[in-house]
Amino acid sequence: MTIQLPEQTRALLLDIEGTTTSIAFVYDTLFPFARAHMAAFLEAHWDDTAVQADVALVREQAAEDVAAGLAGATEIPTHDAEAARALTLANLIGQMDADRKTTGLKSLQGKIWLDGYARGELLAHLFDDVQPALERWHAQGKALYIYSSGSIAAQKLLFKHSIAGDLTPLLSGYFDTTTGPKKVEASYTSICEAVSLDPEQVCFLTDNLDEAHAAHAAVLTAILSVRPGNPDVPEHPFPTLTSFADLTESP
Ligand SMILES: [Mg+2]
């Protein structure tokens, strides 16, 4: 079914998981890739300053976990590099098992994905209709922005190394949870302020009903993306699309 963009639409704000990209890509490809390469990555890059900065975050988190009495928590030493590396790896594997999203882990995962993309071992999934739609909207002068809970660095990687090629030239900006949580109205207000548009001029595409409600409360146009592999959503008041091709300009 065709959905018409409101005439005043100047920008589209796009969620990634479940909207441009299958949820399966993140869980079936990205997370297992980081996990499989974590040991080798730490071994190869242990002495890199940026990696040690992440390890320092993991160490702080481990100390907090020990203090909080978390089961299996172990401190990571600063002096014995061999032991520190082994305990850091064990800690990170444990965090991945528990699906934790700590800053240190996310930063290291990002570096492993960067490595994978740069070596051509990773290509990001995009649904077939995404690239043509982005090209069309871009040609129509609409600004295209991304808002995802993945870090901005990870978002850029995904669109640079996608199965449809490098789409970053089509994108005007990226937002992550440093702007605010995706289910909170104020985050959408902040994004509109950052891109100097009125909320009525921005259309947000997401598969998540809570995010759609938050954007709608901030007076953006919210459209729900229904893609293969997405969880079922309960009844809702939003227009839905199954392909970006369904979203057309007003006549
Ligand atoms: Mg999503």
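Counting starts at 1 for both ligands and their atoms, following the listed order.
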Under the side chain to side chain donor-acceptor pair (under 3.5 Å) test, residues paired with Glu82 that sit two or more places apart: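 Once residues adjacent in sequence are excluded, the partners of Glu82 under the side chain to side chain donor-acceptor pair (under 3.5 Å) criterion are Arg85.
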
Backbone of Asp207 reached by a side-chain donor or acceptor of Thr19 within 3.5 Å: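 Yes: the side chain of Thr19 pairs with the backbone of Asp207.
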
Contact summary for Leu170 and Leu134, nearest pair of heavy atoms: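 Residues Leu170 and Leu134, closest heavy atoms: CD1-CB, 3.8 Å.
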
Aromatic ring proximity, centroids under 6.0 angstrom, His37 and Phe41: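 So the answer is no for these two rings.
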
Tyr147: ring-ring contact (aromatic ring centres under 6.0 Å, His included) partners, not counting sequence neighbours: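 Result, ring-ring contact (aromatic ring centres under 6.0 Å, His included) vs Tyr147: Tyr188.
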
Under the ring-ring contact (aromatic ring centres under 6.0 Å, His included) test, residues paired with Tyr174 that sit two or more places apart: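 Expected list: none.
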
Within less than 2.8 Å of the Mg ion (ligand 1): protein N, O or S atom count: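 Under the 2.8 Å cut-off, the count stands at 3.
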
